[in-house]
Number of protein chains: 2
Amino acid sequence: MEKKVAEIVKLLKAKGYNITHSRNIMIRLFVETEKHLKPEEVYDLAKDQGISLPTVYRNIDVLKKTGVIKEITINNDRFYELHIYSQKKLHIHFRCNRCGNIRDYNNRNIFKKMIQQKDYIEETFGDHVEDISIVMRGICRDCHETG
Amino acid sequence: MEKKVAEIVKLLKAKGYNITHSRNIMIRLFVETEKHLKPEEVYDLAKDQGISLPTVYRNIDVLKKTGVIKEITINNDRFYELHIYSQKKLHIHFRCNRCGNIRDYNNRNIFKKMIQQKDYIEETFGDHVEDISIVMRGICRDCHETG
DNA sequence: CTTGATGCAAAGGATTTGCACAAAT
DNA sequence: ATTTGTGCAAATCCTTTGCATCAAG
């Protein structure tokens, strides 16, 4: 955890950003939270430590620009998650329609298959694909069992 | 074209919606337009025929609820496209980062492969996948050639 | 010190809503 | 005639911005 934070701090400094109180807090938040967070949620988790909502937005921008976090949009809601340790161009998410949880599928087999599809598409249609975002929706295992 | 419009009209009526002036116009717009439209764009195309922006939004809701159109969100922009003739649970879109065009990949091979992935995911993770939305971004063939 | 970051309040843009009026069946 | 749909203006929600102040290096 501290090691990750230190790396991110180093990266931000290298890109010319100051490490302020609120950036420190937000970095830690994203490092220690596994969930995908909305700006509002980041604010809720950080406001008692003295961070304003505009600052949350501004620092989300900074973290996004520097590649520390990544934005995904599901049903018109924006979420952010730590991205720096997975500089992938391929993101596969599952969102449960019942509990709202979002999980990432990080599975080598699936990735491999998806890359094959990408190659096939580039060949077939001539478009150059730079990144892929897959959102699956349905009922997660837990809700399925309890529901 | 008229046949498609008639079918949609029938569907809406069956679901208890009146076919009003503005719904008629909007249906025709979605049927004859191949592009993905933003609410604002729908409004621009329809306003000279006397449709207000709130009505555009309200009727987009109706068309969405009845399955006539489908919403996709890319980079925080909402687009709508005709959906009734492709009741798919799988949508593959490509958006060009240069010209902004969005195209659908409707290719049997890709669909088949994606369904396989879905099955694999359901088996592996136990989640039940109801629909899949794939957004690829990059440079389209045309921009690639001219750029 | 000097530049960059923050808070606050206010502005902005997209979407939604209340309400009186108009149009559909 | 009755219900449903619409326009307008205003409200709402999320996000961004201007500006004076504060903090980081």
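Just so it is clear: chains get the letters A, B, ... in the order the sequence lines come, proteins before strands, and each one is counted from 1. Just so it is clear, the structure is predicted and the values come from calculations on it, not from any experiment.
Salt bridge status for B:Lys47 with B:Glu40: absent, with no side-chain N to carboxylate O gap under 4.0 Å. Looking at A:Asp127 and B:Arg103, a side-chain N of the basic residue comes within less than 4.0 Å of a carboxylate O on the acidic one, giving a salt bridge. Using a 4.0 Å cut-off between a side-chain N of Lys or Arg and a carboxylate O of Asp or Glu, B:Glu71 and B:Lys64 qualify as a salt bridge. For B:Asp131 and A:Arg137, the salt-bridge test passes: some basic side-chain N is under 4.0 Å from an acidic carboxylate O. Comment: A:Lys4 does not engage A:Glu32 in a salt bridge, judged by the lack of any side-chain N to carboxylate O separation of less than 4.0 angstrom.
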Base, backbone or nothing for each nucleotide of nucleotides 18-25 of chain D, written B, S, -, heavy atoms under 4.0 angstrom, 5' to 3'? B-----SS
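Using a 4.0 Å heavy-atom criterion, one finds that B:Gly16 contacts no nucleic acid atom at all.
Distance CG (A:Asp61) to C1' (C:dT6): 15 Å, rounded to an integer number of Å. For B:Lys47 and D:dC8, the NZ to C1' distance is 16 Å, given to the nearest whole Å. Distance, B:Tyr43 OH to C:dT16 P: 16 Å, rounded to whole Å. Counting to the nearest Å, the P atom of D:dT6 and the CG atom of B:Asn24 are 11 Å from each other. Protein atom CG of A:Asn59 is 15 Å distant from nucleotide atom P of C:dG4, rounded to whole Å. Protein atom NZ of B:Lys10 is 17 Å distant from nucleotide atom P of C:dT25, rounded to whole Å. For the pair A:Ile60 CD1 and D:dT17 P, the computed distance is 15 Å after rounding to whole Å.
For B:Lys113, the NZ atom counts as loosely surrounded, since its 6.0 Å shell holds 12 or fewer non-hydrogen atoms of other residues, nucleotides or ligands.
Contact annotation: A:Asn76 does not reach the phosphate of D:dC13 (side-chain N/O to OP1 or OP2, under 4.0 Å).
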Under-3.5 Å N/O pairs linking protein and nucleotides 11-15 of chain C:
residue, atom, partner, partner atom, Å
C:dT15, OP2, B:Tyr57, OH, 2.0
C:dT15, O5', B:Tyr57, OH, 3.0

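A donor-acceptor pair under 3.5 Å is absent between the side-chain atoms of A:Asp104 and the main chain of A:Asn106, judged by distance alone.
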